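These notes concern the structure reproduced below.
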Amino acid sequence: MSTQAARRYTLLSIAAALVTMGLKFGAYQLTSSVGLFSDVAESSVNLVAALAAFWALTVAAQPPDKEHTFGHSKAEYFSSGLEGLLILVAAIGIGITALPRLFNPQPLAALELGLGLSLVASLVNGGVAWILLKAGKRLRSITLRADAHHLLTDVWTSIGVVAGLVIVKLTGWLILDPLMALLVAMHIAWVSIQLLRETMSGLMDSALPEADQAIIRATLTAYQAQGIQFHALRTRVAGARNFVSFHVLVPGNWTVQKGHELCDTLEQSIMTALPGTHVITHLEPLEDPVSWADAELDRSHSP
């Protein structure tokens, strides 16, 4: 359900990308500013990224099947990875366009109207970014968060470009236009690297955040007073879903039904505390020496 809801938000992102790209292209055509060209380049990336996000969330929303028994939630990482690469390509393109202007500055025209269009586009991007960021955190979607951060980067890029062009108009220093474009290129390249790192972390099955792991440990600790032990706790994040597994050690004279009911209770407690979590438990007798050997191995590998 959360993935379906996230997909609807990408339609807003697509619409915003089309509007802002049109506004910024108009501003560039009016002014011939390479700084505003850098803004157009980033907005075109926004459109491609929003379309990729819609595709990724469509795939991620599909239920588990015979070939993908844990679902398709990792498809979101393909979108965030593609967005990171596209941002990097945009940064390189901006740099290639701005460098010649650095040595041969060009006069700018119709700055007032061009800057006005750019500011309107920034307001649109800022509003959509705020909506996507809130939705991404609520729905635990890396795709929406990536799109929101990219749009926010676009907003700050536009503000920087506009500020530079205002100074150009006041001082006549034309070289500030390509310099501002190069600064924009470096900034969005840094954003690209951060996004690619987050994508790689997700694809490498990174563990849940420490705060979430603390919730799991607190849930399990509450049962240790009953003489129950736990080990082999493993966690990983896959898009909007969490996966948790651990071994439950109970007295050997317990019935299978009693042990099964305990595991059901533990699983439900964790899923309630961490929505979107899939929990797998493995029941073992406390008296089993292999279980304790596994526990010692866990401790030896603990940080």
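As a basis for the values below, the full set of heavy atoms in this structure was taken, side chains included, without hydrogen atoms, waters or symmetry mates. Just so you know, these numbers come straight off a predicted model, no measurement behind them.
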Notebook entry, point to check: For Phe243 and Thr235, what are the C-alpha separation, side-chain angles and deciding distance, and is it a side-chain contact (heavy atoms from CB on, under 4.5 Å)?
Noted result: CA-CA 6 Å; Phe243 292 89; Thr235 68; over 6 Å; no
Next item on the list: Test side-chain contact (heavy atoms from CB on, under 4.5 Å) on Lys134 and Leu144 and set out the steps.
Entry: CA-CA 9 Å; Lys134 297 269 290 183; Leu144 290 184; over 6 Å; no
Check: Which atoms form the tightest heavy-atom contact between Gly81 and Leu196, and what is the distance?
Finding: O-CD2, 3.5 Å
Item checked: Val244 and Ile280, any side-chain heavy atoms less than 4.5 Å apart -> no
Notebook entry, point to check: Considering residues at least two apart in sequence or located in another chain, which fulfil the salt bridge (Lys or Arg N to Asp or Glu O under 4.0 Å) criterion with Arg197?
Noted result: none
Check: Can you name the nearest heavy-atom pair linking Leu274 to Thr277, along with the distance?
Finding: O-OG1, 2.6 Å
Next item on the list: Taking the side chain as every heavy atom from C-beta outward, state whether Leu286 and Val250 have any pair of such atoms under 4.5 Å apart.
Entry: no
Next item on the list: Using the rule that two of Ile, Leu, Val, Met, Phe, Trp, Tyr join whenever any of their side-chain heavy atoms come within less than 4.5 Å, decide whether Leu182 and Tyr28 are in one cluster.
Entry: yes
Checklist line | Min side-chain heavy-atom separation Leu249-Phe230 under 4.5 Å | finding: no
Check: Would you say the side chain of Thr20 lies within less than 4.5 Å of the side chain of Val128, judging by non-hydrogen atoms?
Finding: no
Check: Is a side-chain donor or acceptor of Gln213 paired with a backbone partner of Leu208 at a separation under 3.5 angstrom?
Finding: yes
Item checked: Closest heavy-atom pair and its distance - Leu151, Ala129 -> CB-CB, 3.6 Å
Note to self: Checking the side chain of Thr10 only, and the main-chain atoms of Ser13 only, is there a donor and an acceptor separated by less than 3.5 Å?
What the structure shows: no
Notebook entry, point to check: Pick from Arg234, His282, Glu284: which one makes a side chain to side chain donor-acceptor pair (under 3.5 Å) with His247?
Noted result: Glu284
Next item on the list: Assess whether atom CZ of Phe25 is packed by more than 12 heavy atoms of other residues, nucleotides or ligands within 6.0 Å.
Entry: no
What side-chain donor-acceptor pairs closer than 3.5 Å can you find for residues 259-267, not counting sequence neighbours?
| from | atom 1 | to | atom 2 | distance (Å) |
| --- | --- | --- | --- | --- |
| His260 | NE2 | Asp264 | OD2 | 3.2 |
| Glu261 | OE2 | Gln257 | NE2 | 3.2 |
| Thr265 | OG1 | Glu261 | O | 2.9 |
| Glu267 | OE2 | Thr281 | OG1 | 2.6 |

Next item on the list: Working to the nearest 0.5 Å, report the span between CD1 of Ile216 and CG of Asn242.
Entry: 7.5 Å
Note to self: Please tell me whether Leu152 and Leu183 are part of a single hydrophobic cluster in this structure, the criterion being side-chain heavy atoms less than 4.5 Å apart.
What the structure shows: no
Next item on the list: Can you see which heavy atom on Val155 is nearest to which on Gly126, and at what distance?
Entry: CG2-N, 3.4 Å
Margin query: Between Phe246 and Val248, does the side-chain contact (heavy atoms from CB on, under 4.5 Å) criterion hold? Intermediate values first, please.
Written below: CA-CA 7 Å; Phe246 54 90; Val248 183; 3.5 Å; yes
Notebook entry, point to check: Taking a hydrophobic cluster as the set of Ile, Leu, Val, Met, Phe, Trp and Tyr residues connected by side-chain heavy atoms closer than 4.5 Å, whether directly or through intermediates, do Leu233 and Met271 fall within one such cluster?
Noted result: yes
Margin query: Could you work out, with salt bridge (Lys or Arg N to Asp or Glu O under 4.0 Å) as the rule, every residue matching Arg217, not counting sequence neighbours?
Written below: Glu210
Check: Are Leu51 and Leu11 grouped together when hydrophobic residues (ILVMFWY) are joined by side-chain heavy atoms under 4.5 angstrom apart?
Finding: yes
Next item on the list: Report yes if the side chains of Trp254 and Ile228 come closer than 4.5 Å at any heavy-atom pair, otherwise no.
Entry: yes
Check: If you measure from CD1 on Ile193 to CG on Leu88, what distance do you get to the nearest 0.5 Å?
Finding: 7.0 Å
Check: Are Leu133 and Tyr9 connected in a single hydrophobic cluster, I mean Ile/Leu/Val/Met/Phe/Trp/Tyr linked by side-chain heavy atoms less than 4.5 Å apart?
Finding: no
Notebook entry, point to check: How far does CG of Leu18 sit from CG of Leu23, to the nearest 0.5 angstrom?
Noted result: 11.0 Å
Notebook entry, point to check: In Å, rounded to the nearest 0.5 Å, how long is the span from CG of Leu117 to OG1 of Thr31?
Noted result: 9.5 Å
Notebook entry, point to check: Can you tell me how far CG of Leu220 sits from OG of Ser269, rounded to the nearest 0.5 angstrom?
Noted result: 9.0 Å
